[in-house]
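What follows is a short report on a single structure.
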Amino acid sequence: MQNQYRLGIDAGGTFTDFILADRSGGVRIFKALSTPQDPTLAIRNGLALIEEETGISPREIVSNADLCINGTTVGLNALIQHKGARTGLIATKGHEDSIEIRLGHKEDGYRYDPDYPPATMLVPRYLRRGVHERVLSTGAVHTPLNEEDVREACRHFIAEGVESVAISFVWSVLHPEHEARAAAIVREMMPGIRLTVGSQLYPQVREYTRTSTAIVNAYLAPILSNYVERVDGYFQSLGARAPVRYFQSNGGLALGRVVSDQSVYAINSGPASAPQAALYLGAPWNMKDIITVDMGGTSFDITLTHYGRANVSKNIDFLRYRIGIPMIQVETLGAGGGSIGWIDSMGLMQMGPQSAGSEPGPACYDQGGDRPTTTDANLVLGYLNPDGLVGGRLPLNVEKARSAIETHLAKPLGISVEKAAYGMFTIVNNNMVNAIRRVSVERGYDPRDFVLNCAGGATSAHITALAREMGIRKILISKLASGLCAFGQIISDVKYNYMAPAPVRLEGAEAASKLDALFNGLEDRGRSDLAEDGFTPERIGVRRALDMRYVGQVHECTVDVDPFTVDEAALETLKAAFHARHEELYTYSEPNSTVEVVNVESALTGAVDKPERMLIAPGKGAHSALSGTREMIFTADGTRQDTPVYDGAALGAGDRIAGPAVIQEVTTTIVIEPGWHAELDATGVYVLTQHVTAGADAADALAQTEDA
């Protein structure tokens, strides 16, 4: 850090988290309620809260900060609620309906469901205009661009009040001149309009994916542009010396102008910083295989790092819209502290995905909510401090929680409130475990080989139960867990992705030369952009990826490689990497089959100075932090047992606690189930390990023998 402070802001569905780091290694977390109607209001409220607690004014923080970083849900919320800009599409004549035809089927998981409704189109049919032009798969022009068709489309858009335009032509990635000329006409006739050109935003083979990505970008661009303008203006009014950085879905930082132009990169930016934070926390133990789970008020997000690298997805259906750009793989589930419990038509208890959010919130918030939520269940089970959350600033009403559970669940099911609460707890845990399996087991990873990392304010109450169900025996919980994504932002680097189509078979010197030239061209652009951003060559890193497949396959898989000169010998290295990745994903490979590349990508990063690690003073023994006991429930029969409660602020490095117990931090509550131990490390991380009996070890050994 070059200046006194670094500020990270992560806007969630219920809370907006603030992480303030100083040059001496001090790191503090603050929370303010999110304000979906005006996200910038939450930033103002959060900075006011920081001033109230620390005496440091917003101007003093911002004017003395080397980085102010913002992760926003503005784009995500606009896409969820279908409240983006009025968007028009200019496409090749005859391809106006490709976004509805898609690939001839519904999304995976619903392909054969006749009752699953079609997705809402972000561009309605009357705002899609076809123009006469055609490029062949060789890049040759079959039909020249009819410029009058483009002008007619612009006149139609003007009459319909279109705010943003996407242009996407067939095979434009091999001949972008038609799209470039059409873009020039749109700018001429519709000055000031937000414009997205498919071959510039996503220069990759796959017409449907490119068109859909361009439309999503155009749909969100005016919203993100307005948001960036307001946030940048606010921080400038506070004397910001450096421009605000925004967190992207690819796991890196970018300037506001980049986010405005490439708004699709900001869709799921909040949880995308979790892998970086997890690796930072695990570094003292050389932990590189980590699953991070983040349970907030509205959703439950899961990310995974393997061998120190985060899972990155491309060409996926996100909220029912195909998006091609690389995104940190985040599995999101409607399971947060505000998830509502209900009874389905078969008389079975369910949890979520409906959420009470922050307004009115769970019943125990006493703000008008009367539906039973996960938070209400945790309060009835005794896990949460009845005096309130966030250091007592958010009081909790136990009777309102019990009443909601009794009215809507316990009485209809004919069971006690305690059993109903434990049932809610168990069901939401099972929902989360199934989601964890989707990013681990279904992608070829055994979760038992991973460490479970805790993020989000609500997760710590469930973390040992989740680990138990997954067979994971080690957990990391930072004192900053409830704001871990905001913390991940302040330790992340600037990152830009550069892509190009590369339809070539991995055979011969000509193919090697073409790939080498493509990578070098992309990386020269990246180094130039990062140099403009103030990064010297030694701070610039490069990672490469290729979309590859066996000749004849319909779909390709992405293979990550380190940068090297691509010559004929290197082609064999690329083939071997592809065979290994194919086998990892699909359990087989075909070493004798011809391999071809479809697209290539280079990701360039500019390394940012990291703040000092948190340092916790040695403890005096856990007994010195014991603040009392509370009756809690750890079994399905609803039996209560007196359980020790520890004050996290009074614990020191080396202090060790055996479960059952609860550790109360200011912004999170850690529930340690029976059979688990927690020890606070000097880095401010609780390391939880499961106590395994000899019998359990023998059972595991027997199971492995039987598997063999």
Side-chain angles (χ1 to χ4, degrees), residues 103 135-140 170-176 199 202-210 213 250 306-307 309-316 324-327 329 443-444 496-527 541-605:
L103 300 176
V135 173
L136 302 179
S137 61
T138 60
V170 174
W171 287 110
S172 59
V173 290
L174 298 183
H175 185 85
S199 59
Y202 182 67
Q204 303 269 261
V205 173
R206 296 283 185 203
E207 182 238 349
Y208 162 61
T209 300
R210 188 170 60 255
T213 304
N250 66 2
H306 184 47
Y307 294 146
R309 295 176 185 167
N311 271 352
V312 175
S313 297
K314 293 171 59 178
N315 196 20
I316 61 170
I325 58 103
M327 302 168 65
Q329 188 199 10
R443 290 181 68 93
Y496 298 128
N497 294 86
Y498 301 85
M499 294 171 277
V504 60
R505 295 187 179 186
L506 292 183
E507 303 289 347
E510 185 177 346
S513 177
K514 179 177 180 178
L515 289 175
D516 198 54
L518 278 173
F519 277 123
N520 288 334
L522 295 176
E523 288 153 20
D524 285 346
R525 281 176 51 202
R527 290 187 177 94
V542 180
R543 289 288 302 165
R544 291 176 174 177
L546 304 92
D547 293 335
M548 306 166 73
R549 64 189 179 191
Y550 295 116
V551 171
Q553 283 186 318
V554 176
H555 298 290
E556 55 276 354
C557 63
T558 301
V559 179
D560 295 316
V561 295
D562 292 314
F564 51 78
T565 300
V566 183
D567 52 24
E568 278 196 84
L571 295 184
E572 297 304 316
T573 303
L574 293 177
K575 290 178 188 177
F578 170 70
H579 295 318
R581 182 58 179 154
H582 196 280
E583 187 155 349
E584 186 178 44
L585 287 174
Y586 306 114
T587 73
Y588 78 97
S589 61
E590 299 176 0
N592 296 322
S593 295
T594 303
V595 178
E596 64 182 358
V597 177
V598 179
N599 301 302
V600 297
E601 174 193 342
S602 291
L604 279 83
T605 54

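- Expressed to the nearest 0.5 Å, how far OG1 of Thr565 lies from CG of Leu515 amounts to 12.5 Å.
- The shortest non-hydrogen separation linking Asn250 to Pro326 is CB-O, 3.7 Å.
- A heavy-atom distance below 4.5 Å is found between the side chains of Val595 and His579.
- How far OG of Ser513 is from CD of Glu568: 10.5 Å, rounded to the nearest 0.5 Å.
- Contact between Met499 and Leu522 at its shortest, heavy atoms only, is O-CD2, 3.6 Å.
- Separation of atoms NZ (Lys314) and OG1 (Thr209) is listed at 10.5 Å; rounding is to 0.5 Å.
- The minimum heavy-atom distance between Gly139 and Leu174, with the atom names listed, is CA-CB, 3.8 Å.
- Listed by first and then second residue, the salt bridge (Lys or Arg N to Asp or Glu O under 4.0 Å) pairs that reach into residues 497-516 are Glu507-Lys575, sequence neighbours excluded.
- A salt bridge does not link Arg544 with Asp560: none of the charged nitrogens is closer than 4.0 Å to a carboxylate oxygen.
- Put simply, the side chain of Arg525 does not reach to within 4.5 Å of the side chain of Ser602, judged on heavy atoms.
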**Report entry** Test log, rule side-chain contact (heavy atoms from CB on, under 4.5 Å), inputs Phe519 and Leu546
**Finding:** CA-CA 10 Å; Phe519 277 123; Leu546 304 92; 3.9 Å; yes
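- Rounded to the nearest 0.5 angstrom, Leu574 CG and Met548 CE are separated by 5.5 Å.
- The aromatic rings of Tyr586 and Tyr588 are tilted relative to each other, their planes meeting at an angle between 30° and 60°.
- The side-chain hydrogen bond (donor to acceptor under 3.5 Å, both in side chains) with His582 is formed by just one residue from the set Glu556, Gln553, Arg549; it is Gln553.
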Query raised in the report: Can Arg443 and His306 be said to form a side-chain contact (heavy atoms from CB on, under 4.5 Å), step by step?
Result: CA-CA 11 Å; Arg443 290 181 68 93; His306 184 47; over 6 Å; no
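- Using a 4.5 Å heavy-atom threshold, the side chains of Val312 and Thr558 count as separate.
- Distance check: Cys557 SG to Glu584 CD gives 9.5 Å after rounding to the nearest 0.5 Å.
- Using a 4.5 Å heavy-atom cutoff, the side chains of Tyr550 and Thr594 are not in contact.
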Requested in this report: Decide side-chain contact (heavy atoms from CB on, under 4.5 Å) for Val598 and Arg206; before the verdict, give the C-alpha distance in whole Å, the side-chain angles of both, and the deciding distance to 0.1 Å.
Outcome: CA-CA 9 Å; Val598 179; Arg206 296 283 185 203; 5.7 Å; no
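- Counting heavy atoms from C-beta outward, Asn497 and Glu601 have side chains that approach closer than 4.5 Å.
- Across all their heavy atoms, Ser199 and Pro176 have their closest contact at OG-CB, 3.8 Å.
- At least one side-chain heavy atom of Val566 sits less than 4.5 Å from a side-chain heavy atom of Leu571.
- Considering only heavy atoms from C-beta on, Trp171 stays 4.5 Å or farther from Leu136 through its side chain.
- The CG atom of Asn311 sits 13.5 Å away from atom CE of Met327, with the distance rounded to the nearest 0.5 Å.
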Query raised in the report: Would Tyr498 and Leu518 satisfy side-chain contact (heavy atoms from CB on, under 4.5 Å), going step by step from the backbone distance to the final call?
Result: CA-CA 10 Å; Tyr498 301 85; Leu518 278 173; over 6 Å; no
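- Put simply, the side chain of Gln204 reaches to within 4.5 Å of the side chain of Asp547, judged on heavy atoms.
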